Amino acid sequence: MDWQAIRLSVELAAATTAVLLALGLPLAYWLARTRWRGRAIVEAIVALPIVLPPTVLGFYVLVALGPASPVGAAWERLFGQGLVFTFEGLLVASVLYSLPFAVQPFAAAFATLDRRLEEAAWCLGAGRLATFFKVCLPLAWPGVLTGIVLSFAHTLGEFGVVLMIGGNIPGETRTISIAIYDEVQALDYAAAGRTSAILLVFSFAVLLATYALQRRFVQAWPVR
Amino acid sequence: MAGSLKADFTRRFAGGPVVAAALDLPLDPPRVTVLFGPSGCGKTTVLRCLAGLERPDEGEIHFGDERWFDAATRLLLPPQRRGVGFVFQDYALFPHLDVAGNVGFGLGRMPAAARRERVAAMLDRLDLGGLAGRRPRELSGGQQQRVALARALVREPRLLLLDEPLAALDAALRESLRDELRQLLLQAGIPALVVTHDRNEALVLGDDMVLMNEGRVLQSGPVLEVFNRPADAEAARIVGVETRQPGRVVALHDGVAEVEVGTARIMAVAPPGIPRDVLVCLRGEDVILQREPGPASSVRNRLAARVVGVQPAVPLTRIELDAGFPLFAWVTRPGCEELGLAPGEQVSALFKASAVHLLPHEAAHASPQR
């Protein structure tokens, strides 16, 4: 069993989810509230990773982060090594790849919030940020939880993007799905089966826990 | 608090509707002003602009010597800094917080102990003491209303804005809570502006009234003044004056006008400078119906009338009459039975000269020269 690959995958998924939480919550809130006409463009860009083959996304990220690109070159000057074929590069690609899985549930949750609750908070002296943390986030919690779980699980199982950006460096970019692929290539079906079973059971357990929790939350305070 | 709330602004909506408000509410002594008008006339928009929740397109809002909004300098004071208490139509209580959490929400910067004390005192004051740990969905409509009020009052706002505070309640509760709300507003001692489209609510709740229709302010003044002396035909219709008929002043002596309405002649107290063509306004509750020619009274007008229609309503029955012109009267149900009111019956309609309100009226047709 390739425990190193499993650990790396979990680390990548956790880091990706954390970044998506920080980026995705403000983006989703903005999408749910803006009356700007160009909103559809942003929504379409956010949703692109759902329909694009991971290899296409991986290819563009590879080009954008490679040593020839401004981003890759700047990163190399700052940290002494390139972005591609590293954990950090993988993280950037994973964030893009899982963006819709975080932003869409977040935005859906914010969109159903009664706007007057926010206005009530403003009239009670709460600023925009305080209102977000004291009213919006607690009420949108089921949707936020869904987004967290989906982006975590989605990152855990990614394959094509990793292959394009990360390659197959043990301990650095060799994730669980790559490990399974290698095991199958080596005709080691027993090992591939074990690793796959772990991923399957883990994913199912996480989703089950989420939906069970969500049901309890939703019953606790129905959002009108 | 010295000064007044002065607002004169315009808010345009995409697709046509325009709301233009001109208000001047004195703040000291605190009074309850109702913003009254039919649904969709822009009352809520005015309230939201005053709270800072909506940005007017033009104009100014001043509160005492503070400037809240000025289109010319693009100044818009955010709601957080206006010190206004807002009670939403469906109360907008935070569903994830209990009653104490809701009421204490606006006291965020206060030390926890002082905050608890303030919240507890406010809950006691509004008779919510035992409900501190309840969630909003576990409360009745009336309790929710009081929590919303407590949440606004606990911050000691300088102005209270209430958007249809009774509309979310069922009819039976609404009536009993009307008086209670009036008492609470008086006790609070804070100038309040209450939006309503219900005449009874306006009468019970308000000291003053601002009358609106189709995005404009038609008239403002003490509630009874606006109700009994509407400034024009439109205002008369909106405050619910049932009888509004064009007439012509044929004689004028000692401040009493003799007015020809339809085929009848009535006496009316004449405001100074009344023109010849007038609109005769008369409220149904100011008309008495009698079967026999009764004893002589001080009532100046006694008209023979034929019952045209009988429409039972709550709490009174509406009688439509032909007294030489269409005339409406409200009678109690026993009164209706005793008089045997039915279409075709003949009765006498009595009303005082002072109950008739005469408005200048542009005659639709060219009247012959006198």
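Note that the structure is a prediction, hence the values are computed from the model and not measured. We name chains A, B, ... by the order of the sequence lines, and we start the count at 1 in each one.
A 6.0 Å sphere centred on CZ of Phe204(A) holds no more than 12 heavy atoms belonging to other residues, nucleotides or ligands. In the displayed structure, Tyr181(A) atom OH is contacted under 6.0 Å by at most 12 heavy atoms of other residues, nucleotides or ligands. For Asp127(B), the CG atom is loosely surrounded, since the number of other residues' heavy atoms within 6.0 Å does not exceed 12. Within 6.0 Å of CZ on Phe59(A) lie no more than 12 heavy atoms contributed by other residues, nucleotides or ligands. Applying the 6.0 Å contact sphere to CD of Glu11(A) captures more than 12 heavy atoms from other residues, nucleotides or ligands. Counted within 6.0 Å of CZ on Phe13(B), heavy atoms from surrounding residues, nucleotides or ligands total more than 12; the atom is thus considered enclosed. No more than 12 heavy atoms of other residues, nucleotides or ligands sit less than 6.0 Å from atom CZ of Arg81(B).
Considering every non-hydrogen atom in both Arg116(A) and Ala92(B), the closest pair reads O-CB, 4.0 Å. Heavy-atom minimum distance, Glu119(A) versus Leu53(B): CB-CD2, 3.7 Å. Here the closest non-hydrogen pair linking Arg155(B) and Leu124(A) is NH1-O, 2.8 Å. Across all non-hydrogen atoms, the minimal contact from Phe94(B) to Leu117(A) is CE2-O, 3.2 Å.
Note that CZ of Arg82(B) and SG of Cys123(A) are 9.0 Å apart. Values are rounded to the nearest 0.5 Å. Distance CD/Gln80(B) to OG1/Thr131(A): 6.5 Å, rounded to 0.5 Å. Note that the CG atom of Leu93(B) and the CG atom of Asp114(A) stand 11.0 Å from one another [nearest 0.5 Å].
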Where do Trp141(A) and His96(B) land on the side chain to side chain contact (heavy atoms under 4.5 Å, CB included) test, with the steps shown first? CA-CA 11 Å; Trp141(A) 181 240; His96(B) 60 300; over 6 Å; no
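For a residue to count as touching a neighbouring chain, one of its non-hydrogen atoms must lie under 4.5 Å from one of that chain's; by this rule Ala121(A) touches chain B with backbone and side chain alike. Heavy atoms closer than 4.5 Å to chain A are found in the side chain of Phe88(B), but not in its backbone. Heavy-atom distances place the side chain of Arg109(B), and not its backbone, under 4.5 Å from chain A.
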